[in-house]
S.K.: 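Before we start, here is the structure in question, set down as structure tokens.
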Number of protein chains: 2
Amino acid sequence: MTDDDRVFKALADPTRRFLLDLLFRRDGRTLTELERELEMTRFGVAKHLKVLEEADLVVVRRQGREKLHFLNPVPIRLIHDRWIDKYTERHVTALVDLKNALEEPE
Amino acid sequence: MTDDDRVFKALADPTRRFLLDLLFRRDGRTLTELERELEMTRFGVAKHLKVLEEADLVVVRRQGREKLHFLNPVPIRLIHDRWIDKYTERHVTALVDLKNALEEPE
DNA sequence: AAGTTATGTGACCATCGGGTCACATGTCAA
DNA sequence: TTGACATGTGACCCGATGGTCACATAACTT
């Protein structure tokens, strides 16, 4: 299993993406903290976190018996750079901004 | 199945990522053209292209009996924007540049 | 020391997803 | 119009994946 395979497989599950969303809003949470936000047993959440960790999308720091989880944005950036070169990035960004402006009018 | 679910599921397979790589290098190829680059039957490739198309990662244009495939970078950009905000983007870009410099010395 | 809290492991089961094939439709060329 | 070419469909098999549970270790508390 290659590095990028791990990353994309990790991102393929909605629960794992939701975990990343949670960590994006606030870093450094423990397993039990994250478990509270999900309708799933602790074991399921732990399994998902392990997948994210092995993909390096989440990095951890042990603190006593607790394990703190942090979001690592680097692999995400690498996905971007794989299929969007510097030249087309300008166009795509403009397109996305336009899309957002149309979908979320103030 | 939500939009983003389709995108991430589509990206989860190495064959489909390779197809995107091919289209990133050169757009507007047909099924049989792409099939030649893969060690897989035409049916397998067609199935993968359909998944990419339904995820809007690939857009198509019919031309007679041929079907031309083009890469659409917009969903990729949206992934980026989901977990990398404007503020941290500077740091992450710097990190990635550094990583590339270290791994590919001239 | 004893109970409680936070996390880890391996097995198990149901479902999903990748790949192939037989068969079918539509389009171009002679 | 007849044959060759480009693509589409539905069924099938098998390995991979998501979720749960019984059981276990480690660390804080009183």
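In what follows, chains are A, B, ... by sequence order, proteins preceding strands, each numbered from 1.
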S.K.: Whole Å only: how far is the CG atom of B:Leu49 from the P atom of D:dT9?
M.R.: 13 Å
S.K.: Nearest whole Å is fine: how far is C:dC16 P from B:Asp13 CG?
M.R.: 18 Å
S.K.: Provide, to the nearest angstrom, the distance between the CD atom belonging to B:Glu54 and the P atom belonging to C:dG18.
M.R.: 12 Å
S.K.: Contact list please: residues 26-47 of chain A against DNA chain C, heavy atoms, distance less than 4.0 Å, in numerical order.
M.R.: A:Thr30, A:Leu31, A:Thr32, A:Arg42, A:Phe43, A:Lys47
S.K.: When you measure from the side chain of B:Asn72 to the backbone N and O of B:Asp56, does any donor-acceptor pair fall under 3.5 Å?
M.R.: yes
S.K.: Side-chain contact, heavy-atom cut-off 4.5 Å: A:Val45 with A:Thr32?
M.R.: no
S.K.: How about B:His69 and B:Leu23: do any of their side-chain heavy atoms sit closer than 4.5 Å?
M.R.: yes
S.K.: To the nearest angstrom, how far is A:Arg17 atom CZ from D:dT17 atom C1'?
M.R.: 15 Å
S.K.: For A:Glu53 and C:dT7, give me the distance from atom CD to atom P, rounded to whole Å.
M.R.: 12 Å
S.K.: Look at the side chain of A:Arg29 and the backbone N and O of A:Leu22, then say whether any donor-acceptor pair between them is shorter than 3.5 Å.
M.R.: yes
S.K.: Please give, in whole Å, the distance from C:dG17 C1' to B:Leu52 CG?
M.R.: 14 Å
S.K.: Rounded to the nearest 0.5 Å, how far apart are CE of B:Met1 and CG of B:Asp3?
M.R.: 10.5 Å
S.K.: First locate atom CG of B:Leu102, then atom CG of B:Leu98, and finally report the distance between them rounded to the nearest 0.5 Å.
M.R.: 4.5 Å
S.K.: Considering just the side-chain nitrogens and oxygens of B:His48, establish if one lies under 4.0 Å of OP1 or OP2 belonging to C:dG17.
M.R.: no
S.K.: Between B:Glu37 and B:Phe18, what is the shortest heavy-atom contact and its length?
M.R.: O-CE2, 3.8 Å
S.K.: Counting side-chain heavy atoms from C-beta on, which of D:dT7, C:dG19, D:dT17 comes nearest to A:Lys9?
M.R.: D:dT17
S.K.: Rounded to whole Å, how long is the line connecting atom CG of B:Leu19 with atom C1' of C:dG19?
M.R.: 14 Å
S.K.: B:Arg62 has an atom CZ; how far is it from atom P of D:dC5, in whole Å?
M.R.: 19 Å
S.K.: When you get a sec, tell me which of C:dG8, D:dG19, D:dG8 is the closest nucleotide to the side chain of B:Lys67?
M.R.: D:dG8
S.K.: Any donor-acceptor pair under 3.5 Å joining the side chain of A:Arg65 to the base of C:dT5?
M.R.: yes
